[in-house]
Asks: 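My structure is below; once you've seen it, I'll send some questions.
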Amino acid sequence: MKNFCIFLIIAVLSALASCTGGGTASFSEENIGLSYAKLIEIRQGDGYVVADVWNPWKKDGSKKEKDDKVLLHRYVLVPSDGEMPENLPQGELIRTPLKKSVVYTSVHTSLFDELGGYEAIKGVCDKEYMYLDKIRKDVAKGKITDCGLGTNPDIERIIELNPDAILLSPFENAGTYGKLGKLGIPIIECADYMENSALGRAEWVRFYGMLIGKEKEADSLFNAVEADYNATKALVKNAKNRPTAVTEKKYGSTWYVAGALSTVGGLLSDAGADYVFYDEKVSGSVPMAPEVVFDRAQQADIWIFKYNQAVDITSDQLAAEWGNYSKMKAFKQGNVYQCNLSLVPYYEETPFHPNILLKDYVKIFHPEVLKDYQLRYYKRLTPTPSLEKRGGITR
C-alpha cells in the first residue's frame, strides 16, 4: 500500500509538471511565427493550438530581459468537429469555431464581421458604443443579447445565453473579473490594444481568425495590410523635413497624450513626424495636466485630435473650450486636424487596418507625397469667419 501511494504521488507530480503553463512541457508543438506582435505567441500542436497571451503590465525581474514575460492567459483551441486529444497542455479550453460569443468592443465585432464570422456574435456589452449598424439593429430585434455595461455586465443574461466565450479588453490589475470570472465561461483577454506597434496589434487578427474558423481570411487580410503599411512607410522613411506633432486635447482637468511606445506613437514616427512626447516611453496613453502639455506642445507644427459629438467642432468652439488652444502655433497657422468619432469608423477600422490610418498621417505631415489621397478619418479644422476676422488664424 505504501509503495502504491508513492507511485500515485509520483504519477500526479509528473502529470502536473507536463501540464503547467510555462513549465517543461513534453508536448510537440510548432511555433507559428508572428513577425510583429509581442504580446501573443501561437503554437500548433497535434489536434490543438496553444495561444499564450503575455501580461503587458508585468515582467519577471528574476529573468533576463528577453525572457522576462509573465503569462496573462493561456488558451488551448480544439476544433469542435474532431475528437478531443488525449493529452492537452494546461490552459483555458476553447472549442472552435466559436458559435456563441459575447463581445465587449466595437473593434472586435467589426473584425468578426469583416472576416465573415458575424454569426458568432450572440451578445454584446456597451451597445451604445457599437457603431456597426447591423449590431444595433440585431440588438433592437433581440437577435443579439444586450449584456449590459462592460463595467457592470448583466450576469443573468450571460448565464441564460451560455456563450462559448467572452471577448473583452483587459486592463491593469483587472483581477479575476468578479462574478463574470466565476461562471466557468472562457474569458478571452484581447490585449491587442497594448501592443507597441500598429502592425503588432493588427497581427492579432490571426488569433481571432482561429477563434471563428476564418484562418485563411485573417492571413489574407493581414498580408495585404502589412504590404500596404510598409510601402507607405517607405515613402517618408528618408524625409528631411519632419514636422513636430501633438495629439488629442484636454478632457476636464486632464490631457491624455499618446505614449511614445503606443501604436499611435509608432504611427507618428512611421509617418515622418517628430512627436513632441517622444520621451514618454510607455504604451497606451499618458494622463497629464493640460498646462504641462501646452507648455511642450504650443510650438508644435501640427495638432491632431479625436472627439465624439453629433456635428464637427469649429475653430470658434475649440478656442472657447480653453483659451490656450488659440495660442498654439498649429492653431494659429490652421494646421489642426480633427477626427469626429461619431461620423467616421475610426475605432472599427484602424486597429486592424493601420495602413489606412498611416496614409492619413502621411497626407497630413507630408501632403506632397500622397497627392491624390483623400483623408478618411481626419479633416482639417475649418476656421470660422469670425475667428479669421479677429486675426486668430494666420496662413
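Quantities reported herein were computed from a predicted structural model and do not represent experimental measurements.
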Asks: Are Asp301 and Thr244 linked by a side-chain donor-acceptor pair shorter than 3.5 Å?
Replies: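 Indeed, the side chains of Asp301 and Thr244 share at least one donor-acceptor pair under 3.5 Å.
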Asks: Could you list all the ring-ring contact (aromatic ring centres under 6.0 Å, His included) pairs where at least one residue sits in residues 96-141, not counting sequence neighbours?
Replies: His108-Tyr208
Asks: What pairs with Lys38 under side chain to side chain contact (heavy atoms under 4.5 Å, CB included), at least two apart in sequence or on another chain?
Replies: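 So Lys38 forms a side chain to side chain contact (heavy atoms under 4.5 Å, CB included) with Glu195.
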Asks: What residues form a ring pair (Phe, Tyr, Trp, His ring centres under 6.0 Å) with Tyr193, not counting sequence neighbours?
Replies: none
Asks: Between Phe171 and Trp57 (judged by ring centroids, cut-off 6.0 Å), do the two rings come close enough to count as a pair?
Replies: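 No, ring centres 6.0 Å or more apart.
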Asks: Return yes if a side-chain donor-acceptor contact under 3.5 Å exists between Glu248 and Tyr307, otherwise no.
Replies: no
Asks: Do Glu226 and Tyr36 pair up side chain to side chain, a donor and an acceptor below 3.5 Å, judged on atom types alone?
Replies: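 Yes.
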Asks: Should the pair Glu41-Arg43 be classified as a salt bridge under the 4.0 Å nitrogen-to-oxygen rule?
Replies: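 Salt bridge flag = yes for Arg43 with Glu41.
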Asks: Which residues satisfy the side chain to side chain contact (heavy atoms under 4.5 Å, CB included) test with Asn355, sequence neighbours excluded?
Replies: Val225, Asp228, Tyr229, His353
Asks: Decide whether a cation-pi geometry holds between Lys359 and Tyr361; the criteria are a distance under 6.0 Å from NZ or CZ to the six-membered ring centre and an angle within 45° of the ring axis.
Replies: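 Lys359 over Tyr361 ring: no.
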Asks: Could you tell me if Tyr75 and Asp52 have a donor-acceptor pair between their side chains, going purely by distance under 3.5 Å?
Replies: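 Judged by distance alone, the side chains do not pair up.
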Asks: Under the side chain to side chain contact (heavy atoms under 4.5 Å, CB included) test, which residues partner Gln317, sequence neighbours left out?
Replies: Gln309, Ile313, Thr314
Asks: Of all residues at least two apart in sequence or in a different chain, which pass the side chain to side chain contact (heavy atoms under 4.5 Å, CB included) check with Ala202?
Replies: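 Ala202: side chain to side chain contact (heavy atoms under 4.5 Å, CB included) contacts with Phe222, Pro354.
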Asks: Hey, are Ser283 and Asn196 close enough side-chain-wise for a donor-acceptor pair under 3.5 Å?
Replies: yes
